Protein chains: 2
Amino acid sequence: MNIKDIAKISGVGISTVSRVLNNSGVVSDTTRARVLSVVKQYNYVPNSNARNLKKLQSNTIALMVKGISNPFFANMIKEVERQVHLRGCPLMIQQVEDGVDEIAAAMQLIKEKNLYGVIFMGGTYDHSEEEFRQLGIPFVLTTITTLKDVDPSAFSSVSIDDVQSAYKATDYLISLGHRNICFLARFPFKENTIGSRRLLGYKKALEEHGIEYDPALVEDCEYAPSFGFAAAKRLLNKNLGVTAMFAASDAIAIGAAKAVLSSGLSIPGDVSIVGFDGIEMAEYYHPSLDTVSQPGVEMAHVSVEILFDLIAGDTANRHVVFESMLVKRGSSRKVT
Amino acid sequence: MNIKDIAKISGVGISTVSRVLNNSGVVSDTTRARVLSVVKQYNYVPNSNARNLKKLQSNTIALMVKGISNPFFANMIKEVERQVHLRGCPLMIQQVEDGVDEIAAAMQLIKEKNLYGVIFMGGTYDHSEEEFRQLGIPFVLTTITTLKDVDPSAFSSVSIDDVQSAYKATDYLISLGHRNICFLARFPFKENTIGSRRLLGYKKALEEHGIEYDPALVEDCEYAPSFGFAAAKRLLNKNLGVTAMFAASDAIAIGAAKAVLSSGLSIPGDVSIVGFDGIEMAEYYHPSLDTVSQPGVEMAHVSVEILFDLIAGDTANRHVVFESMLVKRGSSRKVT
DNA sequence: TTGTACGCGTTATCAG
DNA sequence: CTGATAACGCGTACAA
């Protein structure tokens, strides 16, 4: 079934069918109705390959997700999809393996599919301005704040202030009297990662309160409970007198909490814990875990808005920084 | 940049470039090298729209996920992607909203993009044989066992035995002396859902042990902690003397556990809990939650295998039923 | 071994 | 208001 068949059956020309389907040009109401009924009857769907080939431009939006199993992204992905569909565009979700260059992957996809726009969710900070320029189509970075050596006018972003947010959590723990606070994150010592930016905030808080920074208190740890568990175990075994843990994700925090609890220690009695992200599972943990919560759904929503503004020809790149929120649920308490 | 440009620059004909790119036909080594170097140099990527249009068939596989935020699916999605890419095909992940007909959505996609094959992950059981036949391309149902009124030879599936698995969990709780066991699931009373199949197993176990089935012990509940929490709260407030809870997903179990613990009751002291799926978060919950674990990654792997067998012309549909495993971590204990 | 020419299903331009 | 027709970029007979 192609447009030619529909045209023949409807007794009209090909272009008329095309006009009806795309609401372009003018078609008499009777012809339109006739064509539409045939389309309905034969369940005809235009071939998007042919369409995109001709238009040299598809209306497909791609979402490049670095770590699709990250629970924090789950609701964000849903919202992106909702918003993109609301604007009548198909969405392509593309999982990007850890270690794979998301820009290169996007580049490939753009050329292959003539994409309309791209949203990057998660990922790292180390790409050159040139790489972004080569993308050649509108894009938005979600979750990423600043890029080293890249002119802010060259890209749009939606994020929270990672440094400030980590500062907030650490400062809170310090205000409760904690001194030996450990920090768990992915690649904390590697430049241009979310982990390193949060480490910056952690350090800043320590410094402001005159607490010496001790690298032994920082553990590298993937964003999953099992890794948080292992990292926290390692830390506890060092006997550094840790009384508080700050994890760069709730998933890590949950693993760390398990390590603490299964060691016979109590939360927050012996160890206070603060996570990051604000996923549901942390709230329903027992005890409920404190966290620095990011407004994920709104961030997703605004990302799509910006993307479509850019597509509509809005040349000004925008940077929206959301406020994170320290949510206290009782997994931290004053040192006695 | 198109194939013509590459041909001109390389000083060869279009078809030679095509032959090099597709490894079809025979090309002299020197010409091949020259063309490839030009391709590399200009970073040329063939336009997949034109390619698929011409071939009347793309090599794209679609994964229709019903509820992409379901944590149990996270690793499965990753594995599907890995396996599909391993076979040199691009994967399109398509989130299907709750309430949206996944077959209709797939149908649309198939016509639009000339898909190669489809994997359905999650979703319900109520589609007619005719609908499946209309898809017209190879597909595999993952997570779904049987379909009402559909000839098994009309589709392939990869799943566990939901009835048997639920039976196993309930039987375990009964063997520990529990009599008032409640059951939490999505749409337990609606036919053709996973929830209803697991309810069947639950009932079967009760019956075999001569325990009367009480509908008041069954709560409808979405697959997320917040709903599990609310459902468990409702149940506890009924004062039915519940000593054990069986949840149709770990996410529900986590919410239910929180409800129990925050009511001042203990697990497993006062209430035993068994979940379903085997997600990481349940293992790192405190206490670690017992569960009926599904081998998600293997299921994903086999799904892709079957799909490609079908694509390769293997006409026989297959049904692989994996064994679920009752994982005891200490959240259940003998009634005293 | 290589190049030429046609057609895949659409949209857009133009003449009617 | 409508219908022919020329591209879009690629794969593939078929001719050289």
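From a predicted model like this one, the values you see are computed outputs, not experimental measurements. So that the names make sense, note that chain A is the first sequence line, chain B the second, and so on, each numbered from 1. Keep in mind that the numbers below use all heavy atoms, side chains included, and drop hydrogens, waters and symmetry copies.
For B/Q95 (side chain) and B/I68 (main-chain N/O), a donor-acceptor pair under 3.5 Å exists by modelled atom type. Remark: the backbone N or O of A/S24 is not paired with any side-chain donor or acceptor of A/N22 at under 3.5 angstrom. Counting only distance, with no hydrogens or angles, the side chain of B/R87 and the backbone of B/Q83 share a donor-acceptor pair below 3.5 Å. The main-chain N or O of A/A154 is never found under 3.5 Å from a side-chain atom of A/D151 such that the two would form a donor-acceptor pair.
Remark: P of D/dC10 and CG of A/N49 are 13 Å apart, rounded to the nearest angstrom. A straight line from CG of A/L56 to C1' of C/dT11 spans 10 Å, rounded to a whole angstrom. For the pair A/L53 CG and C/dT11 P, the computed distance is 11 Å after rounding to whole Å. The interatomic distance linking A/K4 (NZ) with D/dA4 (P) rounds to 12 Å, in whole Å. The CG-C1' distance, from A/N114 to D/dC10, rounds to 13 Å in whole Å. Counting to the nearest Å, the P atom of C/dG7 and the CG atom of A/N47 are 18 Å from each other.
Ring geometry for B/F139 against B/F132 counts as parallel: the plane angle stays under 30°, on a 0 to 90° scale with 60° as the upper cut.
Side-chain atoms of A/T142 and A/S303 form a donor-acceptor pair, as typed in the model, at a separation below 3.5 Å.
Toward the 5' end of DNA chain C, the nearer of the two residues B/V12 and B/A50, judged by each one's closest nucleotide, is B/V12. Heavy-atom distances to DNA chain D give each of A/G11 and B/M1 a nearest nucleotide, and the one nearer the 5′ end belongs to A/G11.
Within the 4.0 Å cut-off from OP1 or OP2 of D/dT2, at least one side-chain nitrogen or oxygen of A/T31 is found. OP1 or OP2 of C/dG9 has at least one side-chain nitrogen or oxygen of A/N2 nearer than 4.0 Å.
Within 4.0 Å (heavy atoms only), A/V27 reaches sugar-phosphate atoms of the nucleic acid but no base atom.
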Self-check item: side chain to side chain contact (heavy atoms under 4.5 Å, CB included) between A/M299 and A/I160, worked out
Solution: CA-CA 9 Å; A/M299 287 165 72; A/I160 56 163; 4.2 Å; yes
Any protein N or O atoms within reach of nucleotides 11-13 of chain D? Criterion: under 3.5 Å, listing atom names and distances.
from   : atom 1 : to    : atom 2 : distance (Å)
D/dG11 : OP1    : B/N22 : OD1    : 3.4
D/dG11 : OP1    : B/N22 : ND2    : 3.4
D/dG11 : OP1    : B/R51 : NE     : 2.7
D/dG11 : OP1    : B/R51 : NH2    : 3.3
D/dG11 : OP2    : B/S18 : OG     : 3.2
D/dG11 : N2     : B/K54 : NZ     : 3.4

